Amino acid sequence: MTDTKLEERWPREDREFFSAGLLDWYLAHKRDLPWRRTRDPYRIWVSEIMLQQTRVDTVIPYFLRFVERFPDVTALADAPEEDVLKCWEGLGYYSRARNLQQAAKDVKERYGGVIPNDVEAVAGLKGVGPYTAGAILSIAFGRPEPAVDGNVMRVLSRFFLIDDDVAKPKTRILMEGLARELIPEGEAREFNQALMEHGAMTCTPKSPRCLVCPVMERCAGRLAGRENELPVKSKAKPPRPETRLAALVEGRGAHAGKVLIRQRPAQGLLARMWELPHWPAPEESGASERPRTGTGTRRSGLPAAPPEEAVRDRLRRSLAGAGIAARPGKHWMAAEHTFSHLQWTLQVYLCREEELPLPMAAEARVPYGAAGAAAPGEAPAGEAPEPVLPFEAGPGSSGDSGPHRWIGREEMAGYAFPNVFLKLLNAYFDQREQGETRGQEPE
DNA sequence: AAAGCGGGGAA
DNA sequence: TTCCCAGCTTT
């Protein structure tokens, strides 16, 4: 973008009014946040990674715990990966944690553990894209780099009345060019934070607080009466629904009092996190129906449980395919977990570990399972044998089961779980402690 | 350029 | 409940 072109579209007077107004407002009203009490580039970096896709109030306790546990680049680089993942548990987008640690190892090796004051070096770190690079460089080092996130695009799109689709990469490039020009001399650190703070506190996604806005007099979006239709953003695809059968296997004998968990593969969704074992529900059964309402875990009753016979057989075969001999029992509860691209309905069944394990498990391991492996009275006669499903269907999957473990409540602290499984496990152990199984024994 | 990747807060 | 939010990597 040439300077004349920029001047045409956004006059210097407006730009200077905007920058000065926001900066003054920020210096008077900025929130006291943990990462604003330091200029340590490491802490700025950690905070910016956590703040991707995550709100300030959610991040604060995670940030404090994280920098206490891993106080500097070297401590993070040298920590076991599962410690880092456990510290990130519940925060989501777990690849952020793995990329952050990988980048810490790189900083330790390449730059002696010191985060370099260098645009290319910072931008080259794993997990650091254009926004985060600009944030680190400006906030930690005072460099005049733009840091354009969703807040900034919303603010700029309104004040300068830019109705390009902010979902397009081209629009972000445009905004970065504008944002770079807006930085007042020597004020990058405070101005970039002022932009984001303004988007978070005043120029909010819905119902922007124009009446208290420090730059409202010249806000082109508001003057045009279009503040509520900006920014323009094309809609994302709705998440694809998927029903899955989950097994809460109660251990017997050596595993009494424990339940079975497994670790997910190193690649893809929820990589290396732990979970209850679960498999896709058969399409043709009623099990693939979604509950009409609801998110989160709930007691059995609301989403109608799928037909018990077919489901129990499928579960038993899937468990056997993972080398676990267990008898599926009663439907316990349904839980929902929504990702941005996927919506799981987990139908959770209580199962009991079998005492007679290996021979049967070995036989049932045969992928296109022989009906002869069926436990007494379970396989419906005349039904075509169903394949034992691999651990995770889809491209890039080895099809192998990950490691399994038997754990009690105390051992949960040693494993990182996605929230939905954390809730299910806690609900299960709570219920069992209260002896609240009344009449719900597996058949 | 599009898809994959979690979770929580506001309306 | 439903809707909305959102940066980086990989494909």
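This structure is a prediction, so every number in the text was calculated from the model and none was measured. First the proteins, then the strands, lettered A, B, ... as listed; each starts at 1.
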To the nearest Å, give me how far apart [atom1] ([X]) and [atom2] ([N]) are.
X: A/Glu242; N: B/dG4; atom1: CD; atom2: C1'; answer: 14 Å
X: A/Glu275; N: B/dG6; atom1: CD; atom2: C1'; answer: 14 Å
X: A/Lys237; N: C/dC3; atom1: NZ; atom2: C1'; answer: 19 Å
X: A/Gln52; N: B/dC5; atom1: CD; atom2: C1'; answer: 12 Å
X: A/Arg240; N: B/dA3; atom1: CZ; atom2: P; answer: 12 Å
X: A/Leu85; N: B/dG6; atom1: CG; atom2: P; answer: 10 Å
X: A/Leu100; N: C/dT9; atom1: CG; atom2: P; answer: 12 Å
X: A/Met196; N: C/dA6; atom1: CE; atom2: P; answer: 13 Å

Quick one about [Y] and [X] (side-chain donor to acceptor, distance below 3.5 Å, no hydrogens or angles considered), yes or no?
X: A/Tyr428; Y: A/Arg432; result: yes
X: A/Gln102; Y: A/Asp106; result: yes
X: A/Thr243; Y: A/Gln347; result: no

- Honestly, is A/Arg96 close enough over A/Trp45, meaning NZ or CZ under 6.0 Å from the six-membered ring centre and within 45° of the axis? no
- Query: Looking at A/Trp10, does the NZ or CZ of A/Arg15 lie under 6.0 angstrom from its six-membered ring centre and within 45 degrees of the ring axis?
  - Reply: no
Mind checking if [X] touches a base, just sugar-phosphate, or nothing, with heavy atoms under 4.0 Å?
X: A/Tyr93; value: base
X: A/Leu342; value: nothing
X: A/Ser340; value: base
X: A/Asp57; value: nothing

If you compare every side-chain N and O of [X] against the phosphate oxygens of [N] (OP1, OP2), does one of them come in below 4.0 Å?
X: A/His337; N: B/dG7; answer: yes
X: A/Arg154; N: C/dC5; answer: no
X: A/Lys126; N: C/dT10; answer: yes
X: A/His341; N: B/dC5; answer: yes
X: A/Asn419; N: B/dG8; answer: yes
X: A/Lys233; N: C/dA6; answer: yes
X: A/Thr132; N: C/dC8; answer: yes

- Comparing A/Lys235 with A/Met153, nearest DNA chain C nucleotide closer to 5' gives the residue A/Lys235
Nearest of [options] to any side-chain atom of [X]?
X: A/Asn99; options: C/dC5, B/dG7, C/dT9; value: C/dT9
X: A/Tyr131; options: C/dG7, B/dG7, B/dC5; value: C/dG7
X: A/Pro130; options: C/dC4, C/dC8, B/dG6; value: C/dC8
X: A/Asn151; options: B/dA2, C/dA6, C/dC4; value: C/dA6

Provide the distance between the two [atom1] atoms, one in [N] and one in [M], to the nearest whole Å.
N: B/dG8; M: C/dT9; atom1: P; result: 23 Å
N: C/dA6; M: B/dG4; atom1: C1'; result: 13 Å
N: B/dC5; M: C/dC5; atom1: C1'; result: 14 Å

- Task: Determine whether any donor atom in the side chain of A/Gln53 lies under 3.5 Å from an acceptor atom in the base of B/dG6, or the reverse, and answer yes or no.
- Result: no
- Query: Do A/Arg65 and A/Asp83 meet the salt-bridge criterion of a basic N to acidic O distance under 4.0 Å?
  - Reply: no
- A/Glu82 and A/Arg272 ion-paired at < 4.0 Å: no
- Query: Which sits closer to the 5' end of DNA chain B, A/Tyr62 or A/Lys206, going by the nucleotide each is nearest to?
  - Reply: A/Tyr62
